Amino acid sequence: MEQVTRALGGRIAYGADYNPEQWPEEVWDEDVRLMQEAGVNLVSVGIFSWALLEPTPGDHDFGWLDRVLDKLHAGGIAVDLATATASPPPWFLERHPEATLVDQVGNRRAFGARQAYCPSSTAYRDAATTLITELVKRYDEHPAVVMWHVNNEYGCHNDHCFCDASAVAFRRWLADRYGAIEKLNEAWATAFWSQRYTSWEQIGPPRQVSYGNFANPGQQLDWWRFCSDEIREIFRVEAAAVRAHSDKPLTTNFMGFRKSLDYRSWVDVEDLVSNDHYLIADDEDRTQQLAMTADLTRSLAHGEPWLLMEHSTSAVNWQPRNIAKTTGEMRRNSFQHVARGADGALFFQWRASRGGAEKFHSAMVPHAGTESRLWRDVVRLGADLSAIAEVSGTKVAQAGVAICFDWESWWAATFDSHPSVDVDPMATARAWHKACWARNLGVDIIGVTDPLDGYEVVVLPVQYLLSDEAVARFTAFVEAGGTLVATYFSGIVDEHDHIRLGGYPGGLSDLLGVRIEEFCPLPEGDEIPLTSYGSGTIWSERGRAVGADVVAAYATGDCAGDPAVTRRRVGRGTAWYVGTELTPEALDTLATQVFTTTKPVVGGLPEGVEAIRRVGEQGTYVFVINHTHEAVIVPVRGTDLLSGNDGGPHVVRAGQVAVIREE
Ligand code: GAL
């Protein structure tokens, strides 16, 4: 990100996807003028312009793009130039019908929207490489271009393809992973249900199986791994095509907690991490969800500044009810991302479209034009971001808490044929993140193999799949003085999704000091009272403590007296086990105990007022985002870069934001 920031003259990036090809050329001059008025300094150009840049295979028309880039450059707007490969034109499938996407049932998915190609298609990779090579050779030296935007939201609409080419690629991937078919048979436990394979050709993707039945879980897990790797492979191919002719930084825009893509294994392909984030309107905790996604993105970037590539100025168009953002919400959202480490806030898109499937999506220039509240808010946000330019390059202060969230475990924990459909690692992770968010504790969302240095508390929410190595690292962390909180359905299986025998939670049993003998999931909606904290939902268990203190037991029912929450002192640290999904109130009470010594970024703020500190050589900055309807007094001294107010404590009014450079 540093290189991009430098190219922007040290400013925070501000802008949007810019799709001039949707408009007559007369509009382009007005675009540049309005961008200047709004303080826009970076736009992503050409994301969906393959069909214009290469109208027929091999014939390129770059004239219009030359003119767009020249105009932007003359206007002082930098460009994140897209490889334009996000969506192949109609001629592509006409020439390569074998690249058509096929769903799990075997239906072919037609052209007519976007991303209509099979990720394993070599024809797609070749066609993309040809276009990229022409484009990068032509524009690498263009003074407007400061970075490359490779593809767009890979796998958003084509993450799993079940066609024959995908089957071949899956077999190749399996042969690489296992070497010998017997190893695969062992990993997939094919002794069960007469599934033993004797040749690779017998294996396919987990297509829809016999009625009311379950595909082999080992096959499912490897399929999810393969699909994530396969799409990452396209990214590698495209990135290599860019790098063959350019040294400029490149990125691809992630989609946060996108289940099918294990982004932790993607980040080494790119030079900077960028993410797209959209609020889900009917999520009551959408503000916290935004914060959690930003915490994930920063962790993916290993704490370095990252780029918010897309968010929305107001409503989107793809939810059942597309709720407009309320007064000040866009500004608060943008500042949330920047507070949590983004050095830029870009939107989808610059000008609201007249036609096409996204014409009702908000943009920086709305259909109403500049005589609108939205436009005034956009201009104000540009001024605000320019007022905090000195923050760029700083990093979010060391977090006290880490929540582990691993894609592999997420996949495996949510397959069919499990004890309860209500188990949801994401929901449990969010509940713990919310407990931190409400207390203004710094949190990172890390992977089980990421370093644990510097954290006081590490949470494992439904970390179902755990390797021996991970268990050893968590044990060492606790022995050295750390606090670990593991929930139910953690440590249950190894990397092949095989149960760890001898009592649950398998791998973590010794560390936590509990032996669970049987899972007792609850009927839908039921709560089970505990002897302290309150109640649990979804899950209960039959078992006993072996070395841990039982701090809450099940109070009623068949598991009455068995441990629900335990604590064990290990070495200089503490290992907690939470054997049920605590209700929000119960979790809040437990969290107060667990986090007693973990310091908030700023103490004494009510829930709904976020405070995050960014730290750099130039100083330390406290971002305060007041999502509540009351003014709040923030006990921090310094200058608020937004209002210019000096001193402190600072009053941050309802719905407002402050960025305080500390004295
Ligand atoms: C993103 C995508 C954009 C646009 C946006 C609408 O997923 O990258 O092209 O479709 O969503 O919210």
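In this text, all values refer to a predicted model and were calculated from it rather than measured experimentally. Ligands are counted one by one from 1 in listed order, and the atoms in each one are counted from 1 as well.
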Centroid-centroid under 6.0 Å between Trp224 and His160 rings: yes

Closest approach of any protein heavy atom to atom 3 (C) of ligand 1, naming residue and atom: Glu310 OE1, 3.4 Å

Heavy atom of Arg114, distance to ligand 1 below 4.0 Å: yes

Given Gln22, His367, His361, the one that forms side-chain contact (heavy atoms from CB on, under 4.5 Å) with Ser353: Gln22

Per-atom contacts of ligand 1 with Phe48, taking only distances under 4.0 Å to non-hydrogen atoms: 9 (O)

Polar contact flag for Asn317 and ligand 1 (N/O pairs, less than 3.5 Å): no

Residues Asp31, Lys71: salt bridge by 4.0 Å N-O rule: no

Salt bridge (Lys or Arg N to Asp or Glu O under 4.0 Å), paired with Arg430, selected from Asp424, Asp283, Asp295: Asp283

Sidechain N-carboxylate O distance under 4.0 Å for Lys434, Asp285: yes

Charged tip of Arg225 within 45° of Trp411 ring normal and under 6.0 Å: no

Nearest-neighbour protein heavy atom for atom 6 (C) of ligand 1, which is reported as residue plus atom name and distance: His361 NE2, 3.1 Å

Within-4.5 Å side-chain heavy-atom neighbours: Val423 and Thr414: no

Nearest-contact summary for atom 5 (C) of ligand 1 - protein heavy atom, Å: Tyr278 OH, 3.5 Å

Atom 10 (O) of ligand 1: the protein heavy-atom neighbour that sits closest, reported with distance to 0.1 Å: Glu358 OE2, 2.3 Å

Short N or O distance, Trp318 and ligand 1, threshold 3.5 Å exclusive: yes

Close N or O approach (Glu153, ligand 1; < 3.5 Å): yes

